[in-house]
2 protein chains.
Amino acid sequence: MDQNLDTDVLGKLKNFLANIELPDDGRLPPERELAQSLDVGRAVLRKALATLQAEGTVWRHVGKGTFLGDRPIDTFADINAMVQRTNPLEVMGARIAFEPEVARCAALNATGVQIAEIRNCMIKAQQAPTWRQYEQWDNRLHRTIGEASQNSLLLGLLDTLNAVRRAVTWGRLRQTPVRPPADHHSFTEHQQIVEAIADRDGVMAADAMRRHLRSVESHMRGMR
Amino acid sequence: MDQNLDTDVLGKLKNFLANIELPDDGRLPPERELAQSLDVGRAVLRKALATLQAEGTVWRHVGKGTFLGDRPIDTFADINAMVQRTNPLEVMGARIAFEPEVARCAALNATGVQIAEIRNCMIKAQQAPTWRQYEQWDNRLHRTIGEASQNSLLLGLLDTLNAVRRAVTWGRLRQTPVRPPADHHSFTEHQQIVEAIADRDGVMAADAMRRHLRSVESHMRGMR
DNA sequence: TGGATAAACCAATCATCAATTGGTTTGCAT
DNA sequence: ATGCAAACCAATTGATGATTGGTTTATCCA
């Protein structure tokens, strides 16, 4: 037999790939079809495809198919890994670093509807009859500010941060009073943030958010 | 009729919810079923459910159902999802918002070894013989600054941001010259960042980083 | 004996469609 | 007017069958 059938098939395959038109996603026909088109056995074709895969020309996955180019990144932000390494203090540090800038963007980009929504969250938080509901509206307030930044990536990072925060702070419930006191420090702080955003004052919004989070942090320290 | 049927139904509903056992996901029976169980019309039940939703006791979604507790935020921690929704401009916006604050933390918390490492990355980037290697050292410079913040959560968020950035910018290679010019704008900018961190000047570090990224952004716009 | 082929099977994925569910509208009845 | 029942809408779910890369087995042929 000829000295090297494999490279023969490999050549055939490359030739074939060069001549056909691929769909936008770079997907090439399934093995069985390809084997018929090239008039070779599936096993040999698979060897050739394996080399292509090894040299990075192609990536493949069961049930999906074979594709030209680089395998799309499958990396996902491993929230659990972050949770393992971090602690509540770091979480507050990250919030203090991150959220003021988000607020700044929100002040510059928020729509009128979003501002109204933020204000609504603030009011609902003030009127909350329980701590649980207060925290819920507080969370929603902060996230709506993220949405108002009009930057889906910032929002994604904020969500990641919040997911970690929840996991770290999990199980810590506030039992103390039944409902937030009427003069809760966050109320005026929230108000300053919202007003700054409504005024389209980015610097003020960032400052107000930073003050707010610092205040939360100091109260957190005081609680233990 | 009695003065307030709505609150009546609301009470009935709350009573019902208190007495039945819910599945662990907190899902409660669909409206139609519930209406029969409570022996009320669907419209009135919906009013009651609406109030429950307004006060945050419950969240609902078409096709999913009604659930007790907080609506789970769309934690698209999965990078692919972020990549789908964002674009290069947003990525730069997020970097400009985020990385300066990371640099500020780094200036306050970096160890001597880390400062030396950052400086090394800067030098290696300057001496890089190809754009590819330049970008490699540039990436490493920025990540080392993240490490120097001594906040693993900030570092994790930075990694997430970078993963998205790589995915979005994928395939955009710089072909123009073979190597970065000796007067590349980033060189002096990098130097200012590193010096500010070494001087423990947080404000200066943040400013320098912001200037650097803005510069990168403007060059990016100019490229098209 | 060695290598290739064909066929059958497996598990992951995709495509499709019917059923379910929260929202909305309409008509009827009290 | 107000509540109720029915019908309809659109988003989501769930189940099912087809497709696909991977693996095994049997067969054939030189």
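Each chain gets a letter, A, B and so on, in the order its sequence line appears, and its residues count up from 1.
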All N/O contacts under 3.5 Å from nucleotides 25-28 of chain D to the protein, with atom names and distances to one decimal?
none

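A donor atom on one side chain and an acceptor atom on the other are not found under 3.5 Å apart for B:Glu90 and A:Gln150. Between the side chains of A:Gln192 and A:Arg211, at least one donor N or O lies within less than 3.5 Å of an accepting N or O. For the residue pair A:Thr144 / A:Gln114, no side-chain donor-acceptor distance below 3.5 Å is found, with atom types taken as modelled. Side-chain atoms of B:Asn162 and B:Arg95 form no donor-acceptor pair, as typed in the model, at a separation below 3.5 Å.
With sequence neighbours excluded, the residues forming a salt bridge (charged side-chain N to carboxylate O under 4.0 Å, His left out) with A:Arg46 are A:Glu31, listed by chain and number.
Rounded to a whole Å, the CH2 atom of A:Trp59 is 16 Å from the P atom of C:dA12. The CG-P distance, from B:Leu38 to D:dA5, rounds to 13 Å in whole Å. Atoms CG (B:Asp25) and P (D:dG14) sit 10 Å apart, rounded to a whole Å.
Under the 4.0 Å criterion applied to side-chain N and carboxylate O atoms, B:Lys14 and B:Glu55 are assigned as salt-bridge partners.
Separation of the A:His190 and A:His185 ring centroids does not fall under the 6.0 Å cut-off.
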Sugar-phosphate or base contact per nucleotide [nucleotides 14-30 of chain C; S, B, -; heavy atom under 4.0 Å]: S------BBBB------

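Under 4.0 angstrom from either OP1 or OP2 of C:dA4 there lies at least one side-chain N or O belonging to A:Lys47.
Taking the side chain as every heavy atom from C-beta outward, A:His61 and A:Thr66 never approach each other to under 4.5 Å.
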